[in-house]
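All of these numbers come straight from a predicted model, not from anything done at the bench. Within every chain, numbering begins at 1; the chains are lettered A, B, ... in the order of the sequence lines, protein sequences first and strands thereafter.
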Protein chains: 2
Amino acid sequence: MANIKEIARISGVSVTTVSRVLNNHPYVSDDKRNAVLNTIEQLNYRRNMNAVHLITGRTKSVAVIMPLIRIYYFSIIMEGLAQEALLAQYRLVLCQTNYRPEEELKVLEMLRNKEIDGVVIVSTSLKPEVIEEYTAYGPIVTCQNSGESRFSSVYIEHYAAFRHGLQYLADKGYRSIGYCDGRKHGSSSSIRQSAFRDFHRESGLPLHEEWMIFDCLNEEHGAALLHRLSAMEERPEAIIVAGDHVAAALMIEAGKQGIRIPEDLAVIGFDNQPIGKLLGLTTIDNKLFEMGAAAFQTIHEQIHGDGGSQPVHRKLDYELIERSSV
Amino acid sequence: MANIKEIARISGVSVTTVSRVLNNHPYVSDDKRNAVLNTIEQLNYRRNMNAVHLITGRTKSVAVIMPLIRIYYFSIIMEGLAQEALLAQYRLVLCQTNYRPEEELKVLEMLRNKEIDGVVIVSTSLKPEVIEEYTAYGPIVTCQNSGESRFSSVYIEHYAAFRHGLQYLADKGYRSIGYCDGRKHGSSSSIRQSAFRDFHRESGLPLHEEWMIFDCLNEEHGAALLHRLSAMEERPEAIIVAGDHVAAALMIEAGKQGIRIPEDLAVIGFDNQPIGKLLGLTTIDNKLFEMGAAAFQTIHEQIHGDGGSQPVHRKLDYELIERSSV
DNA sequence: TTGTAGGCGTTATCAG
DNA sequence: CTGATAACGCCTACAA
């Protein structure tokens, strides 16, 4: 493989000049520039980027930590990230960790290794303290509210969004409200649980523990959810579901069972997924694409900031989209 | 930042010994190993992987070219790729190219640059001849049948799968069959078009050009598709739809319009998506997860083969899943 | 505008 | 088992 030295020799110039041409630096005569360009063309030369990475200390690539890429929630964020990365000419290293903390840690180690210039954490099993230890090695952005942490974050307020949904149901006259979520112990799930309890305490509406249902991750769970509701002695009039795909499944199953939406059961979902739109599902759009895009922009700014840049906490707005399921 | 030299100095050994410890090589006395391990611990040292990449000529990372990560089809393949990459301790660089050939080329250039050890192309706008030029720089695997090309491929036979679906409909007694696909000029779409025409020619069933419908990419298009069918003077009894999400939308819209499935319109889809399962959609499962996994395994084998390894062409089986929409 | 020389942080080679 | 020393391929003061 040809290297810069050989290009220099053949072109009759120094390696410095070749490097200058390669990097579009000024102060190279047209003669020499063309000579260099010619031999590059002739030898079909390409820079070895690993050498560039070594000496510059940067790789123009950013790692993304997410549990499962096939989940709508994550894939949309990824799309936003990828769009911005493309614009900025950055590489995105997708690290699908399956919620395994040890894998997430490995990614943070890559930052120390200088393999990547920054990390975007979309969902994490790691404690903030652990993440903070790595801020010394490069910018880190999470897609969750991280409070006053030393790393940046781009987020929507899940608490407010969830309460907004609950209040919307209450305003519509529903007096008994159920709640369905994915992993019970996920961080955003915990926030929603608090919101749910706080709302009931403050509003005085009755709260049945039975109406809080977890581990509803996919469409099958959504269908099962309907049956579970049907089987209850006292069924809530409305339900708020984290994830439109689950809510959609619930609605479809309801249709099969002759349960009318919203007359017999009102439903409100999250994520504004296409299937929900089709079904007329009222939902809270948490702007996933925008979140991904903003996360990349943030990390990009931090990388190009002069190192001493302070962590940024960027709140995005959610939006309640009214359709016909409430 | 501490480097290997400093570790060596402080531990009272040579850099070679440190390197040996780092790489778990044999022939290091326990004494020295411990001494090295200690100072590594003390200084909180980590290898600079860029230096390793430079000298070894490898990066343990593979790029993935796909147009849009949020599409179910691609995200599942990505999940399969990511699972295997995790097992093999490889990094995956996701390059979302939006079908732009120039971006796809950039990724192939990364292979020359030594930034990555291999490329998985899930869908491409590039001509096989162009891709072949890059096989000199590292292994390339496509997720489409590439015939006798110099790069490897992992694929299902879209032609056979599609004809299988058509034959299934014919066997069930349907005499007029429509066809709906995404991008008209996509490579796998072209294959399905051939299959559709060939099938009609050979079976003698009537083919209306009007029954071949394109640009059905998402759920809204699926709903619109139903209306388009309804408006036809002569409507097909059955339709085969590339993409369960589109087929599902069609079914849901049919439900709203009082069109019975399969009595008024039989539907068969592709991809075996969760929403289709819920709706009882008969579909052809093209084993996307397995394809991703197999693609990674293939590239991994090629990377670790002794360079001169021949391209592999691996055909995966599809599976017709009978439910109640036919 | 150009070139020389040193350095980035490892691993590989080869002689002890 | 251990250690000098030479790569790997490039960028960048600094000097001219």
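Using modelled atom types and a 3.5 Å distance limit, the side chains of B:R112 and A:N48 yield no donor-acceptor pair. No side-chain donor from either of B:T59 and B:E115 sits under 3.5 Å from a side-chain acceptor of the other. Side-chain contact, A:S153 with A:R314: no donor N or O sits under 3.5 Å from an acceptor N or O. In summary, the side chains of B:R47 and B:N23 do present a donor paired with an acceptor at a separation below 3.5 Å, with no hydrogens or angles considered.
The CD1 atom of B:I10 lies 4.5 Å from the CG atom of B:L43; values are rounded to the nearest 0.5 Å. We find the CG-OG distance between A:L81 and A:S75 to be 11.5 Å, quoted to the nearest 0.5 Å. Here the CD1-CG distance, from B:I116 to B:N113, works out to 8.5 Å after rounding to the nearest 0.5 Å. Taking CG from B:N286 and CG from B:D317, the interatomic distance works out to 12.0 Å, rounded to the nearest 0.5 Å.
Considering all non-hydrogen atoms of both residues, B:V64 and B:M78 come closest at CG1-SD, 4.0 Å. Considering all non-hydrogen atoms of both residues, A:Y155 and A:Q144 come closest at CB-C, 3.6 Å. Nearest heavy-atom pair across A:S125 and A:P101 is CB-CG, 3.9 Å. Of all non-hydrogen atoms in B:F151 and B:T142, the two that sit nearest each other are CE1-CG2, 3.4 Å.
The end-to-end axis angle of the helix from C:dT1-D:dA16 to C:dG16-D:dC1, rounded to 10 degrees and based on five pairs per end, is 30°.
Nucleotides of DNA chain C with any atom under 4.0 Å from a heavy atom of chain A span, from 5' to 3', C:dT1 to C:dG9. Close approach of DNA chain D to chain B, defined as any atom under 4.0 Å from a non-hydrogen atom of the protein, starts and stops at D:dC1 to D:dG9.
Of the residues in residues 14-40 of chain B, those placing a heavy atom less than 4.0 Å from an atom of DNA chain D are B:S14, B:V15, B:T16, B:T17, B:R20, B:Y27, B:V28, B:S29, B:K32, in numerical order. Residues of residues 46-56 of chain B having a heavy atom closer than 4.0 Å to DNA chain D, listed by number: B:L54, B:I55.
Salt-bridge formation is not detected for the pair B:E109/B:K106: no Lys NZ or Arg NE/NH1/NH2 atom is positioned less than 4.0 Å from an Asp or Glu carboxylate oxygen.
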### CA sep, side-chain torsions, deciding dist, call: B:E132, B:K127, salt bridge (Lys or Arg N to Asp or Glu O under 4.0 Å)
CA-CA 9 Å; B:E132 283 194 327; B:K127 296 212 180 77; over 6 Å; no
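The ring-ring contact (aromatic ring centres under 6.0 Å, His included) pairs that include a residue from residues 73-106 of chain A are A:Y90-A:F296, A:Y90-A:H300, where partners are two or more places apart or lie in different chains.
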